[in-house]
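See structure below.
Values in this document were obtained by computation on a predicted structure and should not be read as measured data. Chain identifiers are assigned alphabetically (A, B, ...) following the order of the sequence lines, protein sequences preceding nucleic acid strands; residue numbering begins at 1 within each chain.
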Amino acid sequence: MTTFWIILTACLASAACALVGTYLVLRKQAMLGDAISHAVLPGIAIAFLLTASRNTFPMLLGAGAFGLLTVYLTEKLQERGRLMNDASMGIVFTTLFAIGVIIITLFASSVDLDHECILFGEIAYVPWDIWFFAGMNMGPRPVWILGLVLVINLIFILGCYKELKIYAFDRQLAVSMGIPVAFIHYGLMGTVSFSTIASFESVGAILVVALIVVPPATAYLLTRRLSVMLVLAVAFGVLSSLSGYYLAYITNTSIAGAIAVMAGIFFALALFFSPLDGVFIRRNRKVTLEAPEAVAGMAAGKNREDSIPLT
Amino acid sequence: MTEIWADFFLLQDPNLRWVLAGTVMLGLSAGALGCFAVLRERALVGDAVAHSVLPGVCLAFIITGDKDPLALLIGSVVFGWISLLVMDFVIRNSKISTDTSIGMVLSVFFGLGVVMLTWIQNSGNANQSGLDAFLFGNAASMLPEDVLLFGFVSVMVLVTIILLFKELKLVSFDPGFATVIGYPMKRMEVLMATLLVVTITAGLQAVGVVLMASMLIIPAAAARYWTDSLVVMLVIAAGVGAISAISGTFVSYTAPSMPTGPWMVVSAAALFTLSFFFAPARGEFQKWRRRRRQQEKVSGENILKTLYKLEERDGLSARSRTRREILKKRRMEPASLKKGLRRLVSQGLVQHLKGQPSGYLLTEGGREEAKRIVRIHRLWELYLTEKLQLPGDHVHDPAESMEHVITPELEQQLMRILNNPEEDPHNKRIPKASPRSGGAAL
């Protein structure tokens, strides 16, 4: 039974993250998940100190506030401080994380919370975190929370599917069509925050990044349709969770880490063998076409800034 | 308290001397190198590399069975490099964008590292305790041999930056040009990447993987507000890094339970905030002051102009006006009119008459200045109708904004182009400057 709860938690988390992650990957904001999952630490610590309990609701509230604060500060710094998006994000989230670590150390004696647990999470303990409602054993609490977040994400994405789609691909067009872009933007940021927070309580900050970025990126390589991409992203998230759990079981290692590794393996497979434009397909294409470089570049749908080599 | 200060700054504790040397070295080299990362828009690449070295650390430990600093350094440099290559490979060979590639490598490599770390922990090797210091850093646990190794690395990084400054600068700002004039771009890229990986690796023990990125980004971003010169930026960033290192070490020295790394980051962030608000020229405070000064200038000029137009309407008779009369002629906030008049009085452009009749009167200098503004306004209107063929009813608004920015040189040119005109398109006289005064500037 404990295995079932652990796998269910991982699957719910990966589904919720994959849904919002798809839009972040499309909007080239993949690192936002990383930023939010680190930056919420002070919010959690403060909520923990104020309520002196591991009560989930205040923690979610504190974390949500800091998640949105991260988004807001990053945007403001970028706009007013003439910094690039990645630099302003890097400043905001590392600073908030550092403050969180300091708060936790400051009250270490009175706080049953450590930053390593937040970084890696401990999904193996999920089955013992039981929610009692009216004296009844309702099953593990994280399952309920993640289930709720998943439902909220689904409602948001299905309800605003068309708007989100236009917003994700062409923000200017969305504005000119009269789509309430601010609502969509902050709605997406809100769902990202809550998915991140709800998941990382059980699976840890780094795995959240893996779940937000890697399955959608894998799906992105395999389709050109948004609806298919969403479904594939969720499927790869769930697949990584299942196989990651067994990898961790066999090697007796961290479940969260193993799930990230499996997600990476699926990504690598898609990168090389994708029938759309996997590395091998591209190699073949280069042989058959006249101007290999240019065509391969065009097929990749790249713009110039993307093709600058990294460091 | 003073004792602790004295202890700290006299460096009497030998252990402290080593720790301080290590963190300051890190602050200097990370700060300087971070400038290149930030300028090349690679800020978060450092974050990914920092997370990706974890499997290297674990692998080195698994192979050697010990925490030999050199082995760990080599292991992490190798994995840092691999992570860079993977990021680059993914970006080049698929439609995946840079940020997604960074996030993917970061989380998957780190996940692998966590798997290996838990594997080591479960394998029961007694030596493994302390490996997780790499995650959050533990500057206080740095041994003299660690510091020597990392000090050596930092010196190498700084010397390389100094020796190859011109080349690095060119590669950072204009890689295309560098290639064209025949620079060995490939080798420069490799060098930059190696410097980055080595610095990150050296910093891990002090601040840990999560916060290493901030030691690259924050000092460089703070330095950017102070200067436009790369040399100065490098020096300031290195300085910010070193000061943050000192204050972080100081905090954890006075309160031993406090972690050094997070305090370094918070100190750096405090310096960044200071720069953001108070740096000359680029700081928010200066920008706000400049904006306010400009607004004051515009509103003062508008008041002068209104006073002049009132005189003009009444047949150029110099007589004092009340604030109500001014407001009737030109709509503006009564409060800002009051403030503006007070400023003009103190500048000697307007006289405030207290007796009967009370009110405000242009002084000689004020009248010249008002004439200058009205002249520019009307010249510009004429220019727009004559030279750009705009209809007469379309030219007032542009002239309203141009009258505050046209320089005397431009004004003379307009005069010449329009052949010293007498009247504007609405048949109003263009006031000439009095011969003896050159027109007082505000």
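Contact count against chain A (heavy-atom pairs under 4.5 Å) is highest for B/Glu284 among B/Met188, B/Met116, B/Glu284. For the set A/Val209, A/Thr95, A/Ile91, the entry with the most heavy-atom pairs within less than 4.5 Å of chain B is A/Ile91. Contact tally against chain A (heavy-atom pairs below 4.5 Å) for B/Val38, B/Val86, B/Thr118, B/Leu85: the top residue is B/Thr118. Ranked by heavy-atom pairs shorter than 4.5 Å toward chain B, the options A/Val261, A/Thr251, A/Ile102, A/Val213 are led by A/Ile102. Highest contact tally toward chain A, considering only B/Ala268, B/Ala255, B/Gly283, B/Ser214, is held by B/Ser214 [criterion: heavy-atom pairs under 4.5 Å]. Residue with the most contacts toward chain B among A/Leu24, A/Leu211, A/Leu77: A/Leu77 (heavy-atom pairs, distance under 4.5 Å).
Residue contact with chain B, scored on non-hydrogen atoms closer than 4.5 Å, involves the side chain of A/Asp34 exclusively. Interface remark: B/Tyr225 contributes side-chain atoms only to the contact with chain A (heavy atom separation under 4.5 Å). For a residue to count as touching a neighbouring chain, one of its non-hydrogen atoms must lie under 4.5 Å from one of that chain's; by this rule B/Phe89 touches chain A with the side chain only. With a 4.5 Å cut-off on non-hydrogen atoms, A/Phe267 touches chain B through its side chain but not through its backbone. Residue A/Met89 touches chain B through its side chain alone, counting heavy-atom pairs closer than 4.5 Å. Both the backbone and the side chain of A/Ile99 come within contact range of chain B, with heavy atoms under 4.5 Å apart.
Of the charged side-chain nitrogens involved, none lies within less than 4.0 Å of a carboxylate oxygen, so that B/Lys186 and B/Glu189 do not count as a salt-bridged pair.
Shown here are the side chain to side chain donor-acceptor pair (under 3.5 Å) partners of A/Thr74, two or more places apart in sequence or in another chain: there are none. Under the salt bridge (charged side-chain N to carboxylate O under 4.0 Å, His left out) criterion, B/Arg282 pairs with B/Asp228, not counting sequence neighbours.
Residues B/Ser52 and B/Phe79 have side chains not in contact (no heavy-atom distance under 4.5 Å, counting atoms from C-beta outward). A heavy-atom distance below 4.5 Å is not found between the side chains of A/Phe273 and A/Leu222. For the pair A/Arg171/A/Arg27, a side-chain contact is recorded, criterion being any heavy-atom separation below 4.5 Å from C-beta on.
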- Message: Please evaluate residues B/Ile161 and B/Phe36 with respect to the criterion side-chain contact (heavy atoms from CB on, under 4.5 Å), reporting the C-alpha separation (whole Å), side-chain torsions for both, the decisive distance (0.1 Å), and the verdict.
- Response: CA-CA 10 Å; B/Ile161 292 179; B/Phe36 294 108; 4.0 Å; yes
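Counting only distance, with no hydrogens or angles, the side chain of B/Asp99 and the backbone of A/Ala30 share a donor-acceptor pair below 3.5 Å.
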